[in-house]
Colleague: 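For reference, the structure I am asking about is given below.
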Amino acid sequence: MANWSATRRWVVRGFNQRPGADFGETFSPVIKPATIRTVLTLVATYGWPAHKLDVSNAFLHGNLQEHVYSQQPTSFIDSHHPDAVCLLSRSLYGLRQAPRAWFERFVGHVTSLGFIQSKADSSLFVLRQNGATAYLLLYVDDMILSASSASLLQHVIARLRDAFKVKDMGPVRHFLGINVRRNHAGFFLSQEQYAEELLDRAGMANCNTAPTPADTKPKPSTTEGQLINDATTYRSIVGSLQYLTITRPDIAYAVQQVCLHMRAPRDVLQTMQKRILRYIKGTVSLRVQLRKAPQAVITSYSDADWAGCPDTRRSTSRFGVFLGESLISWSSKR
């Protein structure tokens, strides 16, 4: 149930684990994009420092609640007991419960430091002590830490290092493939490199551009057009487009439309997908700006097309939420 990788990391074969027998609940600590944008807007408003942190071998810090047995790793088999198995006390990479075990260990440590876990987003932690404030955002083993003073920020990093091998990457510039650029007005979030890589992977690096991500034609039904041959590639590209919407609200509606019929995509949807890529080709450098919000006023806008789906007659609703002048959350869903 295990192998020994070239980097000497013991990785177990979690795909052999049976739910209910070898593991119970699974969970991966993933911060919501809207939470990231909200916190960065507040950081820009208050002028606080914000650093990116990385935890080395994060999953190895988790303590297992279940009894998990593993074969001895290749090339490290006990010659006197070759048939013996290992009872794991710590989580290893590959285990289904490893992300949950790591997260539980992390939550236990940061709450002991005085952080409070947000009820709105379980991967956001807030510290308030003696008039000082710190925000900690966690995405698996990557973190953004911001505090009301540089001394508090360094203090929190030192306390994190008491339990984990934490590397301070300095002021946040890249996070989850997103380029973060800070200036006097706030933060710019961009996925330009990711968009260029997506165009190259889709074979459209040299395509003609389109002025808009979608046309004004009525939405296609599930039976319109012919089934495409390579549905796997279609789903892969659409999934990448979904990730690109983290900084591109302008394509949210168009991407939502090509996501509707993922089980059996047709050539009509593939044409729509290519139009989105052609639009991205011409707007690859677009980005989201998070501006300072001297007045923390939340403004929301919503709209719906009222029974616009030709198959289900369900509506497609959209919304956008602003914090001050910064667009922090948006969505387009049927």
Colleague: Of all heavy-atom pairs between Pro310 and Pro220, which one has the smallest distance, and what is that distance?
Modeller: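 Closest pair (atom of Pro310, atom of Pro220, distance): CG-O, 3.8 Å.
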Colleague: Please check this pair: side chain of Gln295 against backbone of Gly324, looking for a donor-acceptor N/O pair closer than 3.5 Å.
Modeller: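 Such a contact is absent between Gln295 side chain and Gly324 backbone.
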Colleague: Kindly give the heavy-atom pair with the smallest separation between Cys259 and Gln242, and that separation in Å.
Modeller: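 In this case the closest contact between Cys259 and Gln242 is SG-NE2, 3.5 Å.
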Colleague: Would you please test Ile36 and Phe175 for side chain to side chain contact (heavy atoms under 4.5 Å, CB included) and show each step?
Modeller: CA-CA 10 Å; Ile36 298 174; Phe175 189 69; 3.7 Å; yes
Colleague: Restricting to non-hydrogen atoms, name the atom on Arg161 and the atom on Val166 that form the minimum distance, rounded to 0.1 Å.
Modeller: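 Minimum heavy-atom contact is NE-O, 3.1 Å.
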Colleague: Between Arg181 and Arg173, is any pair of side-chain heavy atoms under 4.5 Å apart?
Modeller: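 When only atoms from C-beta onward are counted, Arg173 and Arg181 do not touch, as no gap falls below 4.5 Å.
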Colleague: Rounded at 0.5 Å granularity, tell me how far OG in Ser123 sits from CZ in Phe106.
Modeller: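 Answer rounded to 0.5 Å: 9.0 Å.
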Colleague: Walk me through whether Lys167 and Leu53 qualify under side chain to side chain contact (heavy atoms under 4.5 Å, CB included).
Modeller: CA-CA 6 Å; Lys167 183 177 180 181; Leu53 309 180; over 6 Å; no
Colleague: Verify the neighbour count for atom CZ of Arg235: are there more than 12 heavy atoms of other residues, nucleotides or ligands below 6.0 Å?
Modeller: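 Yes, the 6.0 Å shell around CZ holds more than 12 heavy atoms from other groups.
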Colleague: Indicate yes or no for a side-chain donor-acceptor contact from Glu224 to the backbone of Val268 under 3.5 Å, with no hydrogens or angles considered.
Modeller: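 Side chain of Glu224 to backbone of Val268: no pair is present.
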Colleague: Do Arg275 and Thr212 meet the criterion of a side-chain donor-acceptor pair at a distance under 3.5 Å?
Modeller: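 A donor-acceptor contact under 3.5 Å links the two side chains.
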Colleague: How are the rings of Phe125 and Phe103 set to each other: parallel, tilted or perpendicular (split at 30° and 60°)?
Modeller: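 If you compare the ring of Phe125 with that of Phe103, the planes turn out tilted.
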Colleague: Any idea which heavy atoms bring Pro49 and Ala147 closest together, and the distance?
Modeller: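 Heavy-atom minimum between the residues: CD-O, 3.2 Å.
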Colleague: Could you give all pairs that pass the salt bridge (charged side-chain N to carboxylate O under 4.0 Å, His left out) test and reach residues 121-149, with sequence neighbours left out?
Modeller: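 Matches after skipping sequence neighbours: none remain.
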Colleague: Mind checking whether Leu145 and Val156 have side chains closer than 4.5 Å, heavy atoms only?
Modeller: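 They are in side-chain contact.
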Colleague: Step through the shown structure and confirm whether more than 12 heavy atoms of other residues, nucleotides or ligands are within 6.0 Å of CZ on Arg291.
Modeller: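 Not more than 12 within 6.0 Å, no.
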Colleague: Please check if the side chain of Ser326 supplies one atom and the backbone of Thr41 the other of a donor-acceptor pair under 3.5 Å.
Modeller: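 Not at all, since once roles are kept as given, no pair shorter than 3.5 Å links the two residues.
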Colleague: Students often mix this up, so state it plainly: with edges at 30° and 60°, are the rings of Trp48 and Tyr46 parallel, tilted or perpendicular?
Modeller: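 Because their plane-to-plane angle lies in the 30° to 60° range, the rings of Trp48 and Tyr46 count as tilted.
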Colleague: Is Ser240 reaching over with its side chain to a backbone N or O of Leu198, donor-acceptor style, under 3.5 angstrom?
Modeller: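 No: the side chain of Ser240 does not pair with the backbone of Leu198.
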Colleague: Could you check whether atom CD1 of Ile116 has more than 12 heavy atoms from other residues, nucleotides or ligands sitting under 6.0 Å from it?
Modeller: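 Incorrect, the count does not exceed 12.
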Colleague: Any side-chain donor paired with an acceptor under 3.5 Å for Ser317 and Ser315?
Modeller: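 There is no such pair between these side chains.
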Colleague: Does Thr271 reach the main-chain N or O of Asp267 with its side chain, forming a donor-acceptor pair under 3.5 Å?
Modeller: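 Here the side-chain-to-backbone pair exists.
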Colleague: Find the distance between CG (Leu323) and CD1 (Ile328) and round it off to the nearest 0.5 Å.
Modeller: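 Answer for the CG-CD1 pair, Leu323 versus Ile328, is 5.0 Å.
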Colleague: To check you understand the geometry: which heavy-atom pair defines the closest contact between Thr245 and Ala252, and what is its length?
Modeller: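 In this case the closest contact between Thr245 and Ala252 is CG2-CA, 4.2 Å.
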Colleague: How far does CD1 of Ile276 sit from CE of Met204, to the nearest 0.5 angstrom?
Modeller: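 If we round to the nearest 0.5 Å, Ile276:CD1 and Met204:CE are 10.5 Å apart.
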Colleague: Going by atom types alone, do Asn179 and Tyr194 pair a side-chain donor with an acceptor below 3.5 Å?
Modeller: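 Per modelled atom types, Asn179 and Tyr194 side chains form no pair under 3.5 Å.
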Colleague: Verify the distance criterion only: is there a donor paired with an acceptor across the side chains of Arg248 and Thr283 at less than 3.5 Å?
Modeller: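 Yes.
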Colleague: Hey, are Glu192 and Ser285 close enough side-chain-wise for a donor-acceptor pair under 3.5 Å?
Modeller: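 Per modelled atom types, Ser285 and Glu192 side chains form no pair under 3.5 Å.
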Colleague: Would Val140 and Val172 show up in the same hydrophobic cluster when neighbours are defined by side-chain heavy atoms closer than 4.5 Å?
Modeller: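 Same cluster: Val140 reaches Val172 through Ile, Leu, Val, Met, Phe, Trp or Tyr contacts under 4.5 Å.
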Colleague: Roughly how far, to the nearest 0.5 Å, is the CG atom of Leu189 from the CD atom of Gln289?
Modeller: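 Answer for the CD-CG pair, Gln289 versus Leu189, is 9.5 Å.
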Colleague: Verify, without hydrogens or angle tests, whether Trp330 (side chain) and Ala34 (backbone) share a donor-acceptor contact under 3.5 angstrom.
Modeller: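 Checking the backbone N and O of Ala34 against the side chain of Trp330, no donor-acceptor pair under 3.5 Å is found.
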Colleague: Would you check if Val180 and His174 make a side-chain contact, meaning some heavy-atom pair closer than 4.5 Å?
Modeller: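 Not in contact.
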Colleague: Could you check if a side-chain atom of Lys274 sits within less than 4.5 angstrom of a side-chain atom of Val258, using non-hydrogen atoms only?
Modeller: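 No, every pair of side-chain atoms sits at 4.5 Å or beyond.
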Colleague: Report yes or no: does Thr111 contribute a side-chain atom to a donor-acceptor pair with the main-chain N or O of Val107 at less than 3.5 Å?
Modeller: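 Yes, the answer is positive, given that a donor and an acceptor are paired below the 3.5 Å cut-off.
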Colleague: Check the surroundings of atom CG in Asp78: do more than 12 heavy atoms from other residues, nucleotides or ligands lie under 6.0 Å from it?
Modeller: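 Yes, CG of Asp78 has more than 12 neighbouring heavy atoms, counting only those of other groups under 6.0 Å.
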Colleague: Out of curiosity, does Leu241 fall in the hydrophobic cluster containing Tyr253 (side-chain heavy atoms, cut-off under 4.5 Å, transitive links)?
Modeller: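 No; Leu241 is not reachable from Tyr253 via cluster members.
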Colleague: Please name the pair of heavy atoms, one in Ala134 and one in Leu152, separated by the smallest distance, quoted to 0.1 Å.
Modeller: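 Shortest heavy-atom contact: CB-CD2, 4.2 Å.
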Colleague: Does a side-chain heavy-atom distance below 4.5 Å link Phe187 with Val288?
Modeller: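 The answer is no; the side chains never approach within 4.5 Å.
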Colleague: Supply the atom-to-atom distance Leu227 CG to Gln270 CD, rounded to the nearest 0.5 angstrom.
Modeller: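 Spacing of CG (Leu227) from CD (Gln270) equals 11.5 Å.
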Colleague: Show the numbers, then the answer: is there a side chain to side chain contact (heavy atoms under 4.5 Å, CB included) between Gln191 and Val284?
Modeller: CA-CA 8 Å; Gln191 292 173 282; Val284 70; over 6 Å; no
Colleague: Would you say Leu290 and Arg37 make side-chain contact, with heavy atoms under 4.5 Å?
Modeller: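 Yes, side chains in contact.
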Colleague: Using ring centroids (six-membered ring only for Trp), state whether His109 and Phe164 fall under 6.0 Å.
Modeller: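 Yes, they do, as the ring centres are separated by less than 6.0 Å.
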Colleague: Please confirm whether the backbone N or O of Ala84 pairs with a side-chain atom of Gln72, one donor and one acceptor, at under 3.5 Å?
Modeller: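 Confirmed, Gln72 side chain pairs with Ala84 backbone.
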Colleague: Are Phe188 and Ile144 linked, directly or through other ILVMFWY residues, by side chains that come within less than 4.5 angstrom of each other?
Modeller: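 Cluster IDs for Phe188 and Ile144 differ.
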Colleague: Starting at NZ of Lys52, measure out to CG of Leu176 and round the result to the nearest 0.5 Å.
Modeller: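 Rounded to the nearest 0.5 Å, the NZ-CG separation comes to 7.5 Å.
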Colleague: Do Val110 and Leu160 have side chains that approach each other closer than 4.5 Å (heavy atoms only, starting at C-beta)?
Modeller: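 In short, these two side chains touch, coming nearer than 4.5 Å.
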Colleague: Within a 6.0 Å radius of atom CG on Asp162, are there more than 12 heavy atoms belonging to other residues, nucleotides or ligands?
Modeller: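 For Asp162, atom CG is crowded (more than 12 foreign heavy atoms under 6.0 Å).
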Colleague: Counting only heavy atoms not in Arg313, do more than 12 sit closer than 6.0 Å to its CZ atom?
Modeller: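 Enclosed.
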Colleague: Say whether, by atom type as modelled, one donor and one acceptor occur between the side chain of Lys165 and the main chain of Asp54 under 3.5 angstrom.
Modeller: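 No, Lys165 side chain to Asp54 backbone: no donor-acceptor pair under 3.5 Å.
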Colleague: Please walk me through it: do Arg201 and Glu197 pass salt bridge (Lys or Arg N to Asp or Glu O under 4.0 Å)?
Modeller: CA-CA 6 Å; Arg201 181 155 55 89; Glu197 293 174 353; over 6 Å; no
Colleague: If you look only at pairs with a residue in residues 300-310, which of them pass as a side chain to side chain donor-acceptor pair (under 3.5 Å), with sequence neighbours excluded?
Modeller: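 Every side chain to side chain donor-acceptor pair (under 3.5 Å) pair that includes a residue of residues 300-310, provided the two are not neighbours, is Lys219-Asp305.
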Colleague: For the pair Tyr135 and Leu127, evaluate side chain to side chain contact (heavy atoms under 4.5 Å, CB included) and give the outcome as yes or no after the intermediate values.
Modeller: CA-CA 7 Å; Tyr135 294 114; Leu127 172 68; over 6 Å; no
Colleague: Hydrophobic clusters here meaning ILVMFWY residues chained together by side-chain heavy-atom distances under 4.5 Å, can you tell me if Leu60 and Leu64 are in one?
Modeller: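 Yes: a chain of side-chain contacts under 4.5 Å links Leu60 to Leu64.
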Colleague: Would you say the side chain of Pro29 lies within less than 4.5 Å of the side chain of Trp102, judging by non-hydrogen atoms?
Modeller: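 They are in contact (side-chain heavy atoms under 4.5 Å apart), so the answer is yes.
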Colleague: Should we say atom CD of Glu325 is surrounded by more than 12 heavy atoms from elsewhere, each under 6.0 Å from it?
Modeller: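 Incorrect, the count does not exceed 12.
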Colleague: Does Thr312 reach the main-chain N or O of Cys309 with its side chain, forming a donor-acceptor pair under 3.5 Å?
Modeller: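 Such a contact is absent between Thr312 side chain and Cys309 backbone.
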Colleague: Assigning hydrophobic clusters by single linkage (Ile, Leu, Val, Met, Phe, Trp, Tyr; side-chain heavy-atom cutoff under 4.5 Å), is Met143 placed with Leu113?
Modeller: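 Yes; tracing contacts between hydrophobic side chains, which count when under 4.5 Å, links both residues.
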